[in-house]
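Convention: sequence-line order gives letters A, B, ...; per-chain numbering from 1.
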Amino acid sequence: MSATDAFASPNLAEVDRQMNFCNACRYCEGLCAVFPAMELRRVFTPGELDYLSNLCHNCGACFYDCQYAPPHEIAINVPVAMAELREESYARYAWPRALAPVFARNGVWLTVGAALFVALFIGGFMAWKDPQVLFGVHVGEGAFYKIMPHYGMVGLFGAAFLYAIVASVMSLVTFWRAAGPIEGLSAISVARAMHDAATLRYLDGGGMGCMHESERPSDRRRLYHHFTFYGFLLCFAATGAGTLYHYAGVEAPYPYWHPVVILGVLGGIGLIVGPLGLLATRRERDPAITSANADGSARDMGTAFIIMLVATSATGLLLLVLRATPLMGITLALHLGVVFALFVSLPYSKFVHGIYRFAALVRHAHEQRVAHGAPAAAPAPAAERRAA
Amino acid sequence: MKRPTAPPGALKVDVLVAGGGNAAMCAAITAARNGASVLVVEKAPKAWRGGNTRHTRNMRVAHDEGNGILTGPYPFEEFWDDLQRVTKGNTNEELATLTLERSKELWDFLWAQGVRFQPSLGGTLSLGRTNAFFLGGGRSMLNALYRTAEDLGIDIRYDTELIDIDVEDGFFTGATIRDGDGTHRVEARGFVAASGGFEADLDWLADAWGPPAKNFLVRGTPYNTGSVLRLLIDKGFDQIGDPQQCHCVAIDGRAPKFDGGIVTRLDCVPFGIVLNAEGERFYDEGEDFWPKRYAIWGRLVAAQPDQVGHVLIDSKSINLFMPSVYPPERADTLEELCQKIGIDPTKVAETVATFNAACRGSHFDHTVHDDCHTEGLTPPKTHWARPIDTPPFYAYSLRPGITFTYLGIRVDREGHMLFADGAVSPNMFAAGEIMAGNILGEGYLAGIGMTIGSVFGRIAGQGVSTYVRN
Ligand SMILES: Cc1cc2nc3c(=O)[nH]c(=O)nc-3n(C[C@H](O)[C@H](O)[C@H](O)COP(=O)(O)OP(=O)(O)OC[C@H]3O[C@@H](n4cnc5c(N)ncnc54)[C@H](O)[C@@H]3O)c2cc1C
Ligand code: SF4
Ligand code: SF4
């Protein structure tokens with residue numbers, strides 16, 4: 001029996017409606033994690049619906065495979081219903097609650113944030129040091145720190161990053177609790193989830209491939225997401241390594257062959273190719289499976305986040321190219337401003353999808369182990385699947 | 001792929017295939033791989049392509065060993081015994097043997113066309129050994145076949161109906177098709193009829209079943225009106241099977257008239273009592289588990305006034321079965337419930353009181369054939385009988401849902417269609433539901449509809465393309 005009237009939002013009610021049909025049908029159970037998770041339930045609480053929506057990777061397969069997809073009157077469109085609920089759920093679990101509205105006009109907030117922090121860095125440099133220092137040519141070890149002292153950078157960015165972590169953890173806890181308690185979470189389930197996240201196992205239509213343009217599968221979204229994700233990790237590693245080298249007494253800027261620069265450049269390239277590729281796939285996406293929010297307007301948090309990532313890597317690479325010129329100071333301000341804005345906006349941007357997705361994958365791995373003694377059955381590799 | 005609309009002159013191809021489901025696509029792909037140029041005309045628009053195949057879940061295939069997804073062997077002999085049992089021997093032995101034998105090739109054939117399979121997770125465990133489940137269901141399976149057909153250069157026209165065929169001296173010489181721009185002539189050297197049964201034509205059903213058929217719900221596509229079947233019978237082809245024979249099950253009465261598919265099933269019957277429009281019980285609701293009984297309930301409900309059954313249950317049972325997709329009517333008293341569903345409360349009160357008084361047994365367990373039964377009641381309820389006495393009360397409605405019809409055209413083992421006088425048409429073939437009656441004289445075996453479609457689709461595609469090449 002559906003409790004449709006009881007739901008606080010139309011998006012929750014719609015996903016509940018669709019899941020009740022899917023649970024009576026179950027044809028899609030082999031496509032991804034969502035359907036096996038659904039099958040463990042007869043009815044759905046709002047927290048469980050949020051969980052399912054964050055488990056959905058938006059691969060599109062279940063839309064093209066659904067005999068009830070529009071124009072059928074039952075109108076099942078799981079990718080869109082899940083996407084809309086998912087984006088709504090980010091605001092629901094935002095910490096502090098007062099910042100939840102940032103999601104609704106995400107593009108505006110991110111742009112304003114980036115511009116503001118770039119301006120503050122330029123202004124700060126000017127006020128702190130003589131403009132001649134800002135526009136001077138600095139080379140050799142410690143050149144950046146002539147403009148902004150290292151302790152200042154570490155302090156400021158450390159604080160911003162710490163804030164992002166605290167806010168994300170608080171959100172994560174609320175999200176996790178909403179879907180109900182679980183007992184005896186094992187390391188195996190966490191490892192399983194890490195594997196599934198690292199390989200984007202469920203961005204694959206259960207083996208047939210992700211479908212974003214039409215019922216012809218294409219692996220591009222998965223590929224570009226890998227570029228983005230691993231680009232992000234490499235940049236992160238570069239920053240971490242840079243800090244360590246600094247305390248070991250080797251100061252930035254580093255020569256081109258230096259591990260920090262290599263990590264940063266590879267990551268930066270990933271963070272340009274990946275997000276731009278993802279932007280392109282968003283444009284190619286079949287309108288039938290595109291959520292109304294993904295329209296490139298202020299509420300389109302996916303596009304906003306992608307642009308932030310590109311801006312981060314582009315300004316970083318620009319800094320690498322211009323670091324021996326009088327433009328270094330201003331480029332540094334640009335880069336630091338964007339990075340700062342990225343950091344403080346992490347808990348209020350599409351970035352959170354990664355946190356909730358991972359949490360959902362952990363819960364999923366756990367549930368399936370409890371229910372079936374193993375993770376949800378995956379189609380066997382091609383060779384094994386052939387009849388003897 | 002956008003295609004110019006039909007040219008004013010006749011379309012010339014080697015092979016014309018009428019239909020767009022499993023049988024049609026298997027035939028078209030096989031013919032194209034064998035070197036023929038193929039035109040597929042599908043009456044439905046693209047979004048609705050694929051007939052009843054879009055509603056399917058799995059296909060029954062014989063295999064000598066399990067393969068990781070098929071959980072164990074299902075040898076030909078066992079398949080044969082199963083078929084004998086359900087059809088009570090009412091099958092063409094030669095064609096049935098051929099179908100089951102060649103079903104062994106289907107996994108690999110479909111795999112090569114891009115179709116993928118998955119293990120059956122919940123609920124359908126017993127079929128995990130015998131049936132290959134399509135990953136993503138029948139529509140995903142169809143998408144794979146259509147992708148392959150497009151890649152092979154097969155000309156696929158949606159919204160295009162076959163409306164006439166020319167037959168001279170037993171030979172197919174051409175056909176007339178109709179699309180949004182009007183009618184066009186097709187010159188082809190071979191023809192495959194793969195256009196399904198007539199289950200969506202309520203008038204035709206009424207001819208066989210009488211007026212109650214108008215109240216049937218059609219579980220599958222509205223496009224299977226049997227127009228090609230009718231055409232072929234009118235051209236003198238031999239019809240096989242009884243027009244009354246069909247697969248008919250009891251489904252949720254609130255389902256759409258067409259295309260409700262699998263989600264309209266109701267699992268509540270064994271938990272309650274079923275009343276007809278007059279407020280009377282008419283059959284043992286607890287005879288067996290529902291999946292074993294829903295097929296006979298189609299006919300039972302069809303025989304009741306207005307072709308409707310009302311299932312009454314109370315709150316003891318509401319959480320024991322999968323929720324229905326359409327919520328039940330609910331009320332705190334039986335009287336109020338009867339008013340909501342429009343049956344006589346006095347009569348229902350009497351029926352329920354008599355039923356409640358007849359309930360015996362105390363070890364209710366819906367997972368086994370328990371000891372809760374009625375005594376001295378006609379009809380009895382032999383299991384899961386518990387008094388209907390704990391409010392709130394709930395009501396669901398049941399209606400007959402027709403899955404497909406069995407009446408078809410007689411074929412030989414090469415898939416050629418036969419005339420009523422026994423003559424064989426050398427270049428006209430049939431595959432799928434339109435000839436399934438050759439194998440299924442009566443009864444049904446889950447997954448065999450798709451097996452027949454794929455096996456005979458391949459046979460017809462091979463036969464027609466070999467013919468046109470010579
Ligand atoms: C809800 C439901 C579930 C089912 N589940 C299963 C299952 O799990 N396993 C199984 O084996 N079977 C199942 N069946 C039965 C199965 O659907 C059929 O046996 C099978 O699809 C028949 O395939 P076909 O290609 O012959 O016909 P269809 O798939 O029905 O295709 C017929 C095609 O012909 C087209 N057509 C009709 N008239 C014309 C015309 N005049 N000109 C051009 N085109 C025309 C139609 O548009 C349609 O595309 C199910 C049926 C239903 C309704
Ligand atoms: S998306 Fe459609 S086909 Fe898939 S499980 Fe849901 S209702 Fe069934
Ligand atoms: S991950 Fe893909 S198949 Fe699964 S629910 Fe989301 S869109 Fe559908």
Side-chain angles (χ1 to χ4, degrees), chain A residues 1-5 17-32 35-36 39-43 61-74 76 205-209 211 214-217 288 368 371-372 376-388, chain B residues 45 47-48 50 54-57 61 63-70 73 104-108 111 114 116-124 132-144 146-147 150 256 259-265 267 318-319 321-325 327-328 330 394:
Chain A
M1 220 193 4
S2 112
T4 301
D5 324 327
R17 180 188 79 87
Q18 297 199 15
M19 286 295 105
N20 279 306
F21 275 94
C22 291
N23 226 351
C25 167
R26 302 189 168 186
Y27 282 13
C28 292
E29 66 182 7
L31 295 183
C32 69
F35 298 95
E39 288 181 19
L40 296 179
R41 299 165 165 82
R42 279 180 84 253
V43 289
C62 65
F63 172 80
Y64 297 104
D65 293 354
C66 181
Q67 63 274 27
Y68 302 108
H72 196 290
E73 63 182 271
I74 293 173
I76 301 296
M208 192 87 91
M211 302 179 192
S214 71
E215 69 275 1
R216 262 178 202 273
Q368 295 297 322
H372 305 296
E384 291 167 36
R385 269 187 274 184
R386 304 196 125 252
Chain B
W48 296 98
R54 65 206 299 286
H55 287 287
T56 64
R57 181 70 173 113
V61 289
H63 46 278
D64 297 324
E65 278 173 48
N67 66 358
I69 291 190
L70 294 164
K104 290 184 180 174
E105 302 161 17
L106 292 181
W107 179 290
D108 280 353
W111 180 277
R116 295 294 174 264
F117 303 96
Q118 62 139 111
S120 87
L121 296 185
T124 41
F133 281 64
F134 307 124
L135 178 71
R139 195 163 180 227
S140 169
M141 182 259 190
L142 277 168
N143 288 344
Y146 274 92
R147 282 197 297 270
E150 286 167 7
D259 261 323
I262 191 77
V263 297
T264 61
R265 65 153 193 253
D267 297 333
I318 188 74
N319 290 324
F321 51 91
M322 276 303 292
S324 58
V325 294
R330 182 189 158 178
Y394 299 86

As an exercise, state the distance from CE of B/M322 to CG of A/N20, rounded to the nearest 0.5 Å. 7.5 Å
Minimum-distance pair of heavy atoms, taken over all atoms of A/G30 and B/L135: O-CD1, 3.3 Å
Work out which heavy atom in B/I318 is nearest to a heavy atom in A/R42; give both atom names and the distance. O-NH2, 3.5 Å
State, with a plain yes or no, whether a side-chain heavy atom of B/S140 is found less than 4.5 Å away from one of A/Y27. no
Among B/I262, B/L142, B/D259, B/V263, the one residue meeting side-chain contact (heavy atoms from CB on, under 4.5 Å) with A/Q67: B/I262
Charged N to carboxylate O under 4.0 angstrom, A/R216 versus B/E150? yes
A/P71 versus B/W48, closest heavy-atom pair with distance: CG-NE1, 3.4 Å
Heavy-atom pairs under 4.5 Å with chain B are the metric here; pick the option from A/A61, A/P217, A/C62 that has the most. A/P217
Which portion of A/I74 sits near chain B, non-hydrogen atoms under 4.5 angstrom: side chain
Which bit of B/N319 comes within less than 4.5 Å of chain A, counting heavy atoms only: side chain, backbone, both or neither? both
Region of B/R265 that comes under 4.5 Å of a non-hydrogen atom in chain A: side chain
I need the B/Q118 CD to A/E29 CD distance, nearest 0.5 Å. 4.5 Å
For B/R139 and A/D65 the tightest heavy-atom approach is CB-O, 3.3 Å
Scanning both residues in full, the closest heavy-atom pair of A/M208 with B/G114 reads SD-O, 3.6 Å
In terms of heavy-atom proximity below 4.5 Å to chain B, should A/F35 be classed as side chain, backbone, both, or neither? neither
Less than 4.5 Å apart, any side-chain heavy atom of B/R57 and any of A/C25? no
